[in-house]
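Take a look at the structure below.
Each residue takes its place number in the sequence, starting with 1. FYI, side chains are in, hydrogens and waters are out, and symmetry mates aren't considered; it's all heavy atoms of this structure.
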Amino acid sequence: MRMHAWGGAMIVAGLLAACSPSSAPATAPAQPVDTTEQKAPVADPSVPVASGNTPAAADVAAVAALNAQFDPARDPVADLATAKVEAQRGGKRIVLDVGGEWCSWCHLMDAFIEGDAEIRSFRDANFVWMKVNYSEDNENAAFLSQFPTIKGYPHLFVLDADGKLLHSQFTGELEADKGQAKGYNRTRFFAFMKDWAPAKAP
């Protein structure tokens, strides 16, 4: 019986020895710490905007935010810089849509464009649409002082891709005729967009 116990102990010891590593793992030499300045990635303006988790994807959100709402907290100078990058990248022009959340005609224009797939598609293909807030909270007077006087809201300024003013559009001229439902005249509105869209290469 004593021999059996001693033999069992030897087997267990042998198994344990077989399971243990034969040699200690080699340690990698220490690497120096990278102290170089790390810069955030910047989207290349010559590359079309792409979807996905890329620097350009952040631009998609930034461009969409330009036309999300009239926000007194937004900086139109920074927004225009974003709009110019997108316009140059996509061969588009910029439309400054000046108004406010208080402006019923501004909301009618949004609904008019969003409700017409052809006009919306044409807008997105040819323009970067950027809302500029004008309200009691923030009139953006310094920014708007570089443009012609506005008679009513919403008001549209068409700029080239470098931000140069091409046209000032009083939107009262684009409204539906008297006797029709309150809103915008599709023929006149679409003609305005076609007149100021960038020329496309043949």
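The local environment of CD in Q146 is crowded, with over 12 non-hydrogen atoms from other residues, nucleotides or ligands closer than 6.0 Å.
Under the side-chain hydrogen bond (donor to acceptor under 3.5 Å, both in side chains) criterion, S135 pairs with N133, not counting sequence neighbours. The side-chain hydrogen bond (donor to acceptor under 3.5 Å, both in side chains) test applied to E118 returns R186, not counting sequence neighbours. Every ring-ring contact (aromatic ring centres under 6.0 Å, His included) that F157 has, sequence neighbours left out, goes to F147, H155. Judged as a side-chain hydrogen bond (donor to acceptor under 3.5 Å, both in side chains), and not counting sequence neighbours, the contacts of H167 are Q169.
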Please list every donor-acceptor pair under 3.5 Å in which a side-chain atom of residues 68-81 meets a protein atom from a residue at least two apart or in another chain.
residue : atom : partner : partner atom : Å
D71     : OD1  : A73     : N            : 2.9
R74     : NE   : D79     : OD2          : 2.8
R74     : NH2  : D79     : OD1          : 2.8
D75     : OD1  : V77     : N            : 3.0

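M193 belongs to a hydrophobic cluster whose remaining members, ordered by chain and number, are V95, W105, L108, M109, F112, I113, I119, F122, F127, W129, L156, V158, L166, L174, Y184, F189, F190, F192, W196; membership requires side-chain heavy atoms of ILVMFWY residues under 4.5 Å apart, directly or through intermediates.
Counting only residues at least two apart or in different chains, salt bridge (Lys or Arg N to Asp or Glu O under 4.0 Å) contacts with residues 121-130 comprise E114-R123. Applying the salt bridge (Lys or Arg N to Asp or Glu O under 4.0 Å) definition to pairs two or more places apart or across chains, those involving residues 169-184 are D177-R188. For residues 125-190, the set of pairs meeting the disulfide bond (SG atoms under 2.5 Å apart) definition, not counting sequence neighbours, is empty. Sorted by first and then second residue, the ring-ring contact (aromatic ring centres under 6.0 Å, His included) pairs with a member in residues 81-101 form an empty list; sequence neighbours excluded. Among residue pairs with one or both ends in residues 71-186, those qualifying as disulfide bond (SG atoms under 2.5 Å apart) are C103-C106; sequence neighbours excluded. Sequence neighbours left out, not one pair with a member in residues 109-141 passes disulfide bond (SG atoms under 2.5 Å apart).
Looking only at side-chain heavy atoms (C-beta outward), Y153 and V98 come within less than 4.5 Å of each other. In this structure, the side chains of M130 and V132 come closer than 4.5 Å at one or more pairs of heavy atoms.
Here the shortest heavy-atom pairing between P198 and G91 reads CG-O, 3.3 Å.
Remark: D162 CG to K84 NZ distance equals 7.0 Å, nearest 0.5 Å. To the nearest 0.5 Å, atom NZ of residue K92 and atom CG of residue L159 are 15.0 Å apart. Atom CG of L165 is separated from atom CD1 of I94 by 11.0 Å, given to the nearest 0.5 angstrom.
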Tell me, with the steps shown, if V63 and R89 meet side chain to side chain contact (heavy atoms under 4.5 Å, CB included). CA-CA 12 Å; V63 171; R89 174 168 37 206; 5.6 Å; no
Run L144 and L96 through side chain to side chain contact (heavy atoms under 4.5 Å, CB included) and show every step you take. CA-CA 10 Å; L144 293 172; L96 303 183; 5.8 Å; no
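Using a distance-only test at 3.5 Å, with no hydrogens or angles considered, a donor-acceptor pair links the side chain of D160 to the main chain of K164.
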